[in-house]
Amino acid sequence: MDVVTLTGNLLAEWTFDVDDLQNGRTHRANAMSFQVGGKGFNVARVLKRLGRRAEALGFAGGQMGEMCSQWLSDRAEEHRFFPLEEGVRPGLVIREENISSAETTFLGKDLQVTAEAWQAACEYIAQAGPTWLAITGSIPGWQSNWIEALNSLIHRCPDTSICADTYGPALSDLVRLPLSLVKINRTELSKLLPESAEAPARDLVAKLRSYSPVQNWIITDGPGSVLADFSNQGTYELIPAVIEEVSPTGSGDTFLAALLDAWIRGLNPEIILCHAASCATASAASPGIGDFPIPVPDCYLPTVRKVN
C-alpha cells in the first residue's frame, strides 16, 4: 500500500444548489448531491487519481456509517471504518448559483473518537505497513496518552513514513514524535510558538528545529506563499500561481496528496513542491475537490526558490 490516511473527523456531506440564499426563507434546491468528506478521504481520492494505491481510514457507525461505506464502495475507494457509536458528523454546503457559485458550509458537531477505536486503527496500520501514513484533520476526544500507540507503530514499522496535517491538542502531542513531515498552517504554528506569532515564517524554522524532532516542515498561509523546510536539503519558498478561484475547498488536501505522490517517486524538493502546488492550484480553479485535469497545465505552476 502506498498511503494510508487516518481521518479523525469524518464528514457525511450534502450539497444543495440554490438560486439565492436569504435568511428566514424556505429554499428549494435546484440540485443536490452527497459525498463522504474529511481531509484523509480527500487525500486518498486525489492519490487515486494520481495513480497511487491509497486506503482511507476513519471512525463511523450506525446507518449513516453504512451509507458512507456504501458510497465509497460504489466508487471503488478503499476504506475501513472503526466503531463510532454516535454515527457520523453531518455537513451541509449551500451553493448559490447566481453569486459565482459562492458556498456556505455548515458542519455538525464533532463526534468523539474512543481510545479503543484509536488503538484498533493504529494496530491495523501497523499490520498494513504502508509506505506513508497521513494523519489528517482534528481528532475529537484526543488524549495525550494516545501518542503511545503511535510510538509503538513507529518502532514496529520503521519503513513507514508518517506525516501529520492536523491541529488542536493532537498536533501539540504529535510534534513531539520524530515524524517524517508536518504540514501546518500559520495560525496553528502561532499556537505552537506563541512567543513568535508575529515573526516571518522563515525565522521560525530554527525554532521549530529546536522545539520538535519532526524531520520536514511545510508551512502554509492560505493562498499566500508556502515555506518548506527539508532536513539536510534546505528551505524553499513557494509562491502559487495567480488564478480565479472556483472552489478552494480541499485544495490543501490536494497539495498533501500530490506532495506524497512526488515524494514516493523520489523527486527532488523543488519538483515535489511544484507538483504539489500546481495540483492544488488547479484544484482550486475547479468545482470539485481534486477535480482538476491530469496532466496539470503549465499555467498552474508556482514559483519556487531556495532561501537557504
Side-chain angles (χ1 to χ4, degrees), residues 1-10 36-60 68-69 72-73 75-83 113 116-139 142 146-166 170-171 173-184 213-218 230-231 250 252-267 272 275-276 279 289-290:
M1 182 68 69
D2 291 324
V3 180
V4 166
T5 68
L6 181 58
T7 300
N9 213 0
L10 184 66
V36 176
K39 293 181 71 65
F41 287 82
N42 297 337
V43 170
R45 200 165 298 140
V46 175
L47 280 164
K48 182 181 175 183
R49 289 205 66 216
L50 295 172
R52 293 288 166 195
R53 187 180 173 196
E55 183 177 24
L57 310 183
F59 303 91
C68 290
S69 183
L72 292 164
S73 296
R75 288 154 183 79
E77 296 188 17
E78 294 189 64
H79 67 283
R80 181 178 293 266
F81 292 156
F82 299 92
V113 176
E116 293 77 15
W118 177 260
Q119 183 66 44
C122 290
E123 180 61 30
Y124 176 81
I125 294 164
Q127 294 180 16
T131 301
W132 275 91
L133 164 64
I135 303 171
T136 64
S138 65
I139 306 175
W142 174 266
W146 292 7
I147 206 170
E148 297 171 6
L150 283 175
N151 246 329
S152 174
L153 193 157
I154 289 172
H155 288 97
R156 292 171 62 185
C157 303
D159 295 329
T160 294
S161 299
I162 302 177
C163 73
D165 183 4
T166 183
L171 177 63
D173 288 330
L174 288 172
V175 297
R176 292 160 41 200
L177 295 177
L179 304 184
S180 297
L181 172 69
V182 165
K183 177 176 170 287
I184 186 172
V214 170
Q215 298 172 36
N216 304 285
W217 293 87
I218 302 289
F230 296 93
S231 61
D253 303 333
T254 298
F255 183 99
L256 180 59
L259 186 89
L260 296 180
D261 169 55
W263 207 303
I264 291 171
R265 286 192 272 154
L267 303 177
I272 288 174
H275 180 58
C279 288
I289 297 174

Step by step, would you call Ile218 with Leu181 a side-chain contact (heavy atoms from CB on, under 4.5 Å)?
CA-CA 8 Å; Ile218 302 289; Leu181 172 69; 3.6 Å; yes
Does the pair Thr131 and Thr160 meet the rule for a side-chain contact (heavy atoms from CB on, under 4.5 Å), with working shown?
CA-CA 5 Å; Thr131 301; Thr160 294; over 6 Å; no
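Contact annotation: the side chain of Thr5 never approaches that of Phe41 to less than 4.5 Å [non-hydrogen atoms, C-beta and beyond]. Annotation: side chain of Leu179 is in contact with side chain of Leu174 (closest heavy-atom distance under 4.5 Å). Inter-residue side-chain proximity for Pro83 and Phe59 is flagged as unmet; no heavy-atom pair is nearer than 4.5 Å. Using a 4.5 Å heavy-atom cutoff, the side chains of Ser180 and Trp263 are not in contact. Looking at Asn216 and Val182, their side chains never come closer than 4.5 Å, going by heavy atoms from C-beta outward. For the pair Ile162 and Leu153, the minimum side-chain heavy-atom distance is below 4.5 Å. Considering only heavy atoms from C-beta on, Asp165 stays 4.5 Å or farther from Ile135 through its side chain. Counting heavy atoms from C-beta on, the side chains of Phe255 and Cys279 never come closer than 4.5 Å.
Applying the ring-ring contact (aromatic ring centres under 6.0 Å, His included) rule to Trp217 yields no partners; only residues at least two apart in sequence or on another chain are considered. Residues that satisfy the side chain to side chain contact (heavy atoms under 4.5 Å, CB included) test with Ser152, not counting sequence neighbours, are Arg156. Qualifying side chain to side chain donor-acceptor pair (under 3.5 Å) partners for Asp2, counting only residues two or more places apart in sequence or in other chains: none. Judged as a side chain to side chain donor-acceptor pair (under 3.5 Å), and not counting sequence neighbours, the contacts of Thr7 are Thr136. Every residue two or more places apart in sequence or in another chain that forms a salt bridge (Lys or Arg N to Asp or Glu O under 4.0 Å) with Arg176 is listed here: Asp173.
Nearest heavy atom pair, residue Cys163 against residue Leu256, reads SG-CD1, 4.2 Å. Scanning all heavy atoms of the two residues, the minimum distance from Cys122 to Leu150 falls at SG-CD2, 4.2 Å. Closest approach of Ser73 to His79, counting heavy atoms only: OG-CE1, 3.3 Å. Scanning both residues, Leu10 and Ala60, for their nearest heavy atoms gives CD2-CB, 3.7 Å. A pairwise comparison of heavy atoms in Val43 and Ala257 identifies O-CB, 3.5 Å as the closest pair.
Residue Leu133 holds its CG atom at 10.0 Å from OG of Ser161, rounded to the nearest 0.5 Å. Between Ile272 atom CD1 and Leu259 atom CG the span is 6.5 Å, to the nearest 0.5 Å.
In this structure a side-chain-to-backbone donor-acceptor pair under 3.5 Å is present from Thr166 to Gly137. Trp118 contributes a side-chain N or O that, together with a main-chain N or O of Trp146, makes up a donor-acceptor pair within less than 3.5 Å.
Annotation: side chain to side chain donor-acceptor pair (under 3.5 Å) contacts involving residues 41-56, sequence neighbours excluded, comprise Asn42-Asp253, Arg45-Glu77, Arg52-Asp261, Arg53-Glu78, Glu55-Tyr124.
Counted by atom type alone, Glu123 and Gln119 present zero donor-acceptor pairs between their side chains at under 3.5 Å.
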